[in-house]
There are 2 protein chains.
Amino acid sequence: MSTRNRANPLALAILICLYERPMHPYEVATTLRQRHKHESVRLNYGSLYAVFASLERRGLIVPQGTQRSGRLPERTIYALTDAGRVEAHDWLTELVSTPVKDYPEFEAALSFLPALPPDDVVSLLGERAVALEVELAEMRSTRELFAKGDLPRLFWVEVEFRERLRESELAYVRALAAEIGAGELEGMQWWRAIHDDPDGPAASQYSNIDVIEGGGA
Amino acid sequence: MSTRNRANPLALAILICLYERPMHPYEVATTLRQRHKHESVRLNYGSLYAVFASLERRGLIVPQGTQRSGRLPERTIYALTDAGRVEAHDWLTELVSTPVKDYPEFEAALSFLPALPPDDVVSLLGERAVALEVELAEMRSTRELFAKGDLPRLFWVEVEFRERLRESELAYVRALAAEIGAGELEGMQWWRAIHDDPDGPAASQYSNIDVIEGGGA
DNA sequence: AGTAGGATACTCGATTCAGAGTACCTTATT
DNA sequence: AATAAGGTACTCTGAATCGAGTATCCTACT
């Protein structure tokens, strides 16, 4: 219930897996890996057993029995409770209906951009553009594999989505690199100045100006 | 150096702040908040002092002296070392030049979509589209504020970028909702079937098929 | 049949984190 | 001058996390 408990996406993945049938932790991990969920969701298998324990504490799953193969440790099989079914449904509903603020690393990079000299930035953005093109090519071939494997689109909408986002990013990177390269970006004079002469008169001009109160509705 | 140390973006934000001049931890936090960095970077001020301590241990910053106002605890002022300057430069360079895999929450949501009934999904996507429109309107007004405040574009490229991504998301959400609503998405029959009759013959048909080996180059 | 090499199935501990908590200061009020 | 309200400057704690470690199993080769 507490939103704090919804921080770990592995927990949701587990609940949804157990929706199908009771499993033991390792089987859940294997299933998720087989279905390539780790490509769309951040899953720390390191905390697998801790997350199962926390779900049990919260009454969302119950141990159903154990099973043993060879002399490996016993495997506890867990099943979803009614509360678990409700939680999985509510969580997923919220995830689909309500946008949250994500923090893509590149957004952070952009916000610190003035700390690097403009010429360096142009070539670094060029590197990124190339890498993004390679990644997009890979994604397209993955999609072809999916299509050939007769897996209906329903099961790979997330791959399409990721592709759209990366395409937008590539377009933005190209446009920005071109603008900086052409010296057309607003603020370029100051940017050049502080990197040519770090102690020059321009150094402090903007040091405090990006203080804008309010912003947004 | 170890990539593990580059996990926390607050550390980079601190290094870049100290690039300007030595400060005490609380002053760094205040500066970052004033510059709205928390909107583009995930900054946990809860671990502020821990991160300063870790940067000092790694030799990237050094305490320069202390200062005291009233009977508040002493404030330690930290300065960047040469190693710290190098680390900040290298880290930022990597961030700009090399795309990493982010995990937007909505991508996770999409990958679990078949767990909800299709009709529900259509209306949830509709909700999301509305919320995204509101958010985009807010972002545009924030940008206008920036522009009026005479803050050069150089300092808000990250806001533009975020806007482009959200626009792509909105377009995708609308298209997907329309396709599902029209019953045109590949896999719809199966999707309808398992939600109309969870134990029916369709239930297991795809339960294992999204196992595709390889994928990507 | 014995065993080397690699994959599989967990376990453990040091580190890091988020959020709640607390003490202090400043300002406003009477 | 006393006190209340609100913000500032930290501190603490339980929980989460990552990576490294260990034990077991399977396969192939001699």
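We name chains A, B, ... by the order of the sequence lines, and we start the count at 1 in each one.
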What is the distance, rounded to the nearest whole Å, between atom [atom1] of [X] and atom [atom2] of [N]?
X	N	atom1	atom2	answer
B:His24	D:dC10	NE2	C1'	12 Å
A:Phe52	C:dT11	CZ	P	13 Å
A:Ile14	D:dA16	CD1	C1'	14 Å
A:Arg42	C:dC17	CZ	C1'	15 Å
A:Tyr45	C:dC10	OH	C1'	15 Å
B:Glu56	C:dT15	CD	P	16 Å
B:Leu43	C:dT16	CG	P	18 Å
A:Asn44	C:dC10	CG	C1'	16 Å

Which sits closer to the 5' end of DNA chain D, B:Thr30 or B:Gly46, going by the nucleotide each is nearest to? B:Thr30

With respect to the side chain of A:Ala50, which nucleotide from D:dC10, C:dC17, D:dT17 is positioned closest? D:dT17

Checking D:dT17, C:dC17, C:dT11 against the side chain of A:Tyr49 (C-beta onward), the nearest is C:dT11

For B:Asp120, is there any backbone N or O sitting under 3.5 Å from a side-chain donor or acceptor partner on B:Ser123? yes

Closer than 3.5 angstrom, by distance alone: can the side chain of B:Thr98 be matched with the main-chain N or O of B:Leu95 as a donor-acceptor pair? no

Compute the ring centroids of A:Trp91 and B:Phe112, then answer whether they are less than 6.0 Å apart. no

Upstream residue (5' side of DNA chain C) when B:Ser54 and A:Arg33 are each assigned their closest nucleotide: A:Arg33

Residue set satisfying salt bridge (Lys or Arg N to Asp or Glu O under 4.0 Å) with A:Glu163, at least two apart, ordered chain then number -> A:Arg140, A:Arg143

Those residues at least two apart in sequence (or on a different chain) that pass side-chain hydrogen bond (donor to acceptor under 3.5 Å, both in side chains) with A:Arg166 are A:Glu135, A:Glu169

Is the phosphate of D:dA15, meaning OP1 or OP2, less than 4.0 Å from a side-chain N or O of A:Arg57? no

Does C:dC17 have OP1 or OP2 under 4.0 Å away from a side-chain N or O of B:Asn8? yes

